[in-house]
Amino acid sequence: MLLQNLNLNLVLNTRYEISKSYWWWLYSAILIVAVRIAAASIPTTLEGPFQPVTVKFDPSLRQGSSDLSQDDPRIVKQVSGNFPEQISLALSTPDAMWITWITGNAQLAPEVTPLDPSTVASVVQYGTTSGNYDLSAVGTSLVYSQLYPFPGLLNYTSGIIHHVRLTGLAPSTQYFYVCGDPSLGEMSEEYSFTTLPLPSPASYPSRVAIVGDIGLTENSSATLNHIILNDPSILLVIGDLSYANNYLTTGESAACYSCSFPTAPTRETYQPHWDNWGRFMQPLTSKVPMMVIEGNHEIEAQVGGATFISYNSRFSVPSEESGSNNNLYYSFTAGGIYFIMLGGYVDYNRAGAQYNWLLQDLANVDRTVTPWLVAAWHPPWYNSYSSHYREVECMRLQMEDLLYSYRVDIVFSGHVHAYERCNRVYNYTLDACAPLYLTVGDGGNIEQIDISHADDVGQCPSPTDNIPDYGGICPFNFSSGPAAGKYCWDQQPEWSAFRESSFGHGILEVVNMTHALWTWHRNQDVYNSTLGDQIYIVRQPTSCQNRILGHKLLSDLQSHKSWESPSW
């Protein structure tokens, strides 16, 4: 790709090896020139705010597609006994990696008997040479059940889910591995992964793929194929993964559950859909770490109030490593990028555990080591589509001041099944020092693409039309600006720079501590011949470093035991 051809990493590494002298400035100047040449035809955020642009939905395209058939070889179980399947990776700490897989047969029946996890070991054998595994690690295993004690509904219990953490890994190194139970003679075929560079302002993952609301349709398949072609170092899936809860326990599907099953005794799920999704994703996730955050389709409430059981059981995330002790929100580093993954369906109020953790986590970020600060959660705060319009205002009102004050650079969200890139915005006001918000909820799920906007004639929803799955409703009419006195804009909001209703995914390529290339790829395009959207995101640490903390937040920060003035 363009950035690789420039060999900018060589320039960056040299810059940090030489002293702060004439040569430092010379190399800096060379770097700046190189970036400007590469970006000659690509806009930068410094040229914003941009005039709003809307690309109307192409009526020659289908708004959606059905899920893959149950006999599709990409989702049919291809192994037997306790042979590993649904293999996936996840980042832990800079020198550690999680490996997860499933063995045994899940059960779907009126009565189920859980498997015994102790009957199959959780072992990973690995090394830096193919076929030579001089290292090994042992992990833990579990099973979970999704139970519906109503006549006619089926219950589910999973196969054995194994989680193993590899530690002491060298940075930027390829490792080969097999997983399973060697005592049973049932080990996987060989896979490999490459570790990321250590946290540093001079080192970044080559490409970060971002997708939301992916599902298991033919559109999802096109998205996954395009992501694989992009050869990412990391995959971020920002909520709504399998859409298992768009099904009855019998496997009968519906794009709109509440429409098709209005008298259902509970919101059922078809848990085998999770197993199908794990097999579908394995060609990518067995080689590239997948970092997930929950969406509303992962809630999957059971009788008794249990929620997120499948999500919490199936995915390894560095929650404990990042001090949150809750899989619904956590943080991790990827070279010089610090990622914060937040939960939109768990308590986000300022008196709650998530906010207190976020306050502590942000205070501990060292921007001299990880200059880029990126946040992600499922439901977007800034969204001009009718679907989910202003649905999580309560979350924005609780947390926006904190993220703004700590100068978060980019925010990714899903939930809305379309693409939208915002101008930098804070409290609905254009602000050059605010985060850049991107909605990438167009992965291809069964619920189809969103095509109507809240500013279209007759499409402005009322506050009760988009009731959130968590939290209250915090509606208000705007008191100033183009939408003063109204709940919706009459035209595309000034903070909405570009929007288009198409399935796709995004790629983030960080060049250095101030420049990152964002590219949105549409599924319908001949790959790499046309790009849906592309822009250089530019940080301005010097011009924005004197931001004054909001008075609402200052008392919280000053009373926090470990708070210190943030280092930019």
Side-chain angles (χ1 to χ4, degrees), residues 67 86 88 90 98 100 102 106 142-148 156 158 161 163 210-217 220 235-249 253-258 266-281 285 290-319 324 326-330 341-348 354 376-380 388 391-392 395 412-417 439-447 467-471:
D67 277 329
Q86 303 181 51
S88 64
W98 285 103
T100 295
I102 296 180
L142 58 91
V143 300
Y144 78 92
S145 298
Q146 194 83 9
L147 304 176
Y148 301 103
Y156 171 92
S158 71
I161 304 172
H163 299 289
I210 298 100
V211 66
D213 304 70
I214 188 168
L216 198 53
T217 69
S220 312
L235 171 66
L236 262 63
V237 183
I238 44 181
D240 286 2
L241 285 70
S242 77
Y243 286 79
N245 73 339
N246 273 41
Y247 290 80
L248 295 176
T249 62
S253 69
C256 173
Y257 188 100
S258 59
T266 186
R267 175 71 182 250
E268 302 172 42
T269 71
Y270 184 62
Q271 288 295 302
H273 203 66
W274 274 113
D275 295 308
N276 293 342
W277 193 82
R279 299 178 192 117
F280 172 73
M281 295 296 292
T285 61
M290 175 177 64
M291 309 307 293
V292 300
I293 198 65
E294 80 282 357
N296 53 302
H297 284 270
E298 279 71 67
I299 297 174
E300 296 186 326
Q302 298 187 49
V303 172
T307 56
F308 299 107
I309 301 302
S310 181
Y311 174 85
N312 282 325
S313 300
R314 289 176 178 268
F315 299 103
S316 296
V317 297
S319 54
S324 83
N326 189 324
N327 288 357
L328 304 182
Y329 51 89
Y330 62 93
M341 312 290 276
L342 297 179
Y345 304 99
V346 64
D347 184 10
Y348 42 65
Q354 180 176 201
W377 57 85
H378 184 61
H388 306 300
E391 184 177 283
V392 286
M395 183 183 181
F412 293 109
S413 293
H415 203 37
V416 178
H417 303 160
T439 297
V440 196
D442 55 347
N445 70 80
I446 198 173
E447 293 182 335
I467 298 176
D469 288 278
Y470 177 85

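Remember, it's a predicted structure, so these values are computed and weren't measured experimentally.
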Indicate whether the side chain of [X] and that of [Y] have a donor and an acceptor atom separated by less than 3.5 Å.
| X | Y | result |
| --- | --- | --- |
| Ser220 | Thr217 | yes |
| His415 | Glu391 | yes |
| Asp213 | Tyr243 | yes |
| Gln146 | Trp274 | no |
| Glu268 | Tyr270 | no |

Using a 4.5 Å cut-off on heavy atoms from C-beta on, say whether the side chain of [Y] contacts that of [X].
| X | Y | answer |
| --- | --- | --- |
| Asn296 | Tyr345 | yes |
| Tyr470 | Met395 | no |
| Gln86 | Ile161 | no |
| Leu342 | Tyr348 | no |

Verify, without hydrogens or angle tests, whether [X] (side chain) and [Y] (backbone) share a donor-acceptor contact under 3.5 angstrom.
| X | Y | result |
| --- | --- | --- |
| Asn327 | Ser316 | no |
| Glu298 | Asp240 | yes |
| Ser324 | Tyr329 | yes |
| His273 | Ser242 | yes |
| Trp377 | Ser413 | no |
| Tyr311 | His297 | no |
| His417 | Asp442 | no |
| Ser158 | Tyr144 | yes |
| Arg267 | Asn245 | yes |
| Gln354 | Asn326 | no |

Rounded at 0.5 Å granularity, tell me how far [atom1] in [X] sits from [atom2] in [Y].
| X | Y | atom1 | atom2 | result |
| --- | --- | --- | --- | --- |
| Met291 | Ile210 | CE | CD1 | 13.0 Å |
| Asn246 | Asn445 | CG | CG | 7.5 Å |
| Arg314 | Ser88 | CZ | OG | 10.5 Å |
| Asn312 | Leu328 | CG | CG | 5.5 Å |
| Leu216 | Ser253 | CG | OG | 11.5 Å |
| His378 | Thr439 | NE2 | OG1 | 10.5 Å |

Show, in sequence, the C-alpha distance, side-chain angles and deciding distance for Met281 and Leu235, and conclude whether the side-chain contact (heavy atoms from CB on, under 4.5 Å) test is met.
CA-CA 11 Å; Met281 295 296 292; Leu235 171 66; 3.8 Å; yes
Shortest non-hydrogen contact between [X] and [Y], atoms and distance:
| X | Y | value |
| --- | --- | --- |
| Ser313 | Leu142 | CB-CD1, 3.7 Å |
| Tyr330 | Val292 | OH-O, 2.5 Å |
| Ile238 | Ala376 | CG2-CB, 3.7 Å |

Residue that, paired with Thr269, satisfies side chain to side chain donor-acceptor pair (under 3.5 Å) out of Tyr156, Tyr247, Tyr148
Tyr148
Check the pair Glu300 / Ile309 against side-chain contact (heavy atoms from CB on, under 4.5 Å), numbers first and verdict last.
CA-CA 7 Å; Glu300 296 186 326; Ile309 301 302; over 6 Å; no
